[in-house]
Q: 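Take this structure first; my questions come after.
Residue numbers count from 1 along this sequence.
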Amino acid sequence: MRKAFARILVGALLTGGTVIGGAANASAASPCKGFNLYYNSNQKNACIEINGNPDNFDNYYSDGSPAKFIGCAATASTCPGLGQNVKNNAASVANWWTGATGRVYFNSYHKGAYDTFGPQVVGPLVNTYNNNASFSWWLS
């Protein structure tokens, strides 16, 4: 248990993120409850829950359409970023999973600079802020 917590803490410190308490902390109003990208900093406004290992956010869905911010982080009358393409538009992350680490990459096909977020970590995208093109689950 101590070793697992140490990995989470190190992951948070490396990304400038914050360790969070659990999946229950996800906003009840938000459809984004897994590994999420947010349109704005501090996990605000439009969000998308990432599934699979998309190698290019421009053809995220099986029909070849791009990933779009589809939900809002909190109930509000407006939701900046809603409907916008995810590629090169994300500013922050929340990883609500308890046993999975995700990486957001600068380039398509999991190449270039990246930001890594361990389980239960939230924080800003640093190396891929508004320059994010792909995602993969990562094993340490």
Side-chain angles (χ1 to χ4, degrees):
M1 180 70 166
R2 263 194 245 177
K3 192 181 240 187
F5 181 75
R7 278 193 302 222
I8 292 169
L9 188 56
V10 167
L13 294 174
L14 289 175
T15 62
T18 304
V19 177
I20 52 182
N25 287 347
S27 168
S30 175
C32 304
K33 297 182 189 294
F35 189 98
N36 313 311
L37 293 173
Y38 292 86
Y39 184 73
N40 282 332
S41 299
N42 301 315
Q43 300 74 46
K44 299 216 186 266
N45 303 117
C47 62
I48 183 172
E49 181 176 345
I50 302 299
N51 294 300
N53 290 299
D55 56 16
N56 185 346
F57 288 136
D58 270 346
N59 60 5
Y60 180 74
Y61 296 105
S62 60
D63 66 358
S65 62
K68 295 191 181 284
F69 291 103
I70 58 169
C72 292
T75 304
S77 58
T78 63
C79 185
L82 190 63
Q84 295 291 317
N85 286 353
V86 171
K87 188 170 184 175
N88 299 328
N89 278 321
S92 62
V93 166
N95 182 2
W96 300 109
W97 291 107
T98 58
T101 296
R103 273 193 176 164
V104 178
Y105 291 86
F106 187 89
N107 293 323
S108 298
Y109 306 100
H110 315 125
K111 296 189 190 258
Y114 56 83
D115 290 302
T116 302
F117 291 86
Q120 303 286 297
V121 173
V122 300
L125 290 170
V126 177
N127 300 311
T128 61
Y129 179 87
N130 285 342
N131 282 299
N132 47 285
S134 60
F135 170 86
S136 71
W137 294 105
W138 184 72
L139 301 172
S140 53

Q: Does the side chain to side chain contact (heavy atoms under 4.5 Å, CB included) test come out yes or no for Val122 and Asn95, once each step is laid out?
A: CA-CA 6 Å; Val122 300; Asn95 182 2; over 6 Å; no
Q: At their closest point, which heavy atom of Thr101 faces which heavy atom of Gly118, and how far apart are they?
A: OG1-CA, 3.6 Å
Q: Taking all atoms of both residues into account, what is the closest heavy-atom pair of Ala46 and Gly81, and its distance?
A: CB-C, 3.4 Å
Q: Does the Asn53 side chain pair with the main chain of Trp137, one donor and one acceptor, at a distance under 3.5 Å?
A: yes
Q: Inspect cysteines Cys47 and Cys72 and report if their side-chain SG atoms are under 2.5 angstrom from one another.
A: no
Q: Judged by atom type as modelled, is there a donor-acceptor pair below 3.5 Å linking the side chain of Tyr38 to the main-chain atoms of Phe69?
A: no
Q: Would Val86 and Tyr39 count as a side chain to side chain contact (heavy atoms under 4.5 Å, CB included) here? Give the steps.
A: CA-CA 8 Å; Val86 171; Tyr39 184 73; over 6 Å; no
Q: What's the separation between atom CZ in Phe106 and atom CG in Asp115, rounded to the nearest 0.5 Å?
A: 11.0 Å
Q: Quick check on Lys44: does its NZ atom have over 12 non-hydrogen neighbours (other residues, nucleotides or ligands) under 6.0 Å away?
A: no
Q: Any chance you could measure Asn127, atom CG, to Arg103, atom CZ, to the nearest 0.5 Å?
A: 10.5 Å
Q: Hey, is the main chain of Pro54 close enough, under 3.5 Å, to the side chain of His110 for a donor-acceptor pair?
A: yes
Q: Closer than 3.5 angstrom, by distance alone: can the side chain of Gln120 be matched with the main-chain N or O of Trp96 as a donor-acceptor pair?
A: yes
Q: Determine whether a donor-acceptor pair (N or O, by modelled atom type, separation under 3.5 Å) exists between the side chain of Gln43 and the backbone of Gly123.
A: yes
Q: What are the two closest heavy atoms between Lys87 and Ser108, and how far apart are they?
A: NZ-OG, 3.3 Å
Q: Would you mind reporting whether Leu37 and Val104 have side-chain heavy atoms less than 4.5 Å apart?
A: yes
Q: So do Pro66 and Asn85 actually touch side chain to side chain, heavy atoms under 4.5 Å?
A: yes
Q: Considering only heavy atoms from C-beta outward, does the side chain of Ile50 approach that of Ile48 to under 4.5 Å?
A: yes
Q: Counting the benzene-type ring for Trp, do Phe135 and Phe35 have ring centres under 6.0 Å apart?
A: yes
Q: Please check if the side chain of Asn56 supplies one atom and the backbone of Asp58 the other of a donor-acceptor pair under 3.5 Å.
A: yes
Q: Any heavy-atom pair between the side chains of Phe117 and Leu125 that's under 4.5 Å?
A: yes
Q: Are any side-chain N or O atoms of Asn88 and backbone N or O atoms of Asn132, one a donor and one an acceptor, separated by less than 3.5 Å?
A: yes
Q: State, to 0.1 Å, how close Glu49 and Lys33 come at their nearest heavy-atom pair, and which atoms those are.
A: OE1-N, 3.5 Å
Q: Would you say Phe57 ends up clustered with Leu82 if hydrophobic residues are merged whenever their side chains have heavy atoms under 4.5 Å apart, either directly or through other cluster members?
A: no
Q: Output the distance between atom CG (Asn51) and atom OH (Tyr61), rounded to the nearest 0.5 Å.
A: 8.5 Å
Q: Can you tell if the side chain of Thr116 reaches within under 4.5 Å of the side chain of Trp138, non-hydrogen atoms only?
A: yes
Q: Would you say that Pro80 contacts Asn40 through its side chain, given a criterion of any heavy-atom pair below 4.5 Å between the two side chains?
A: yes
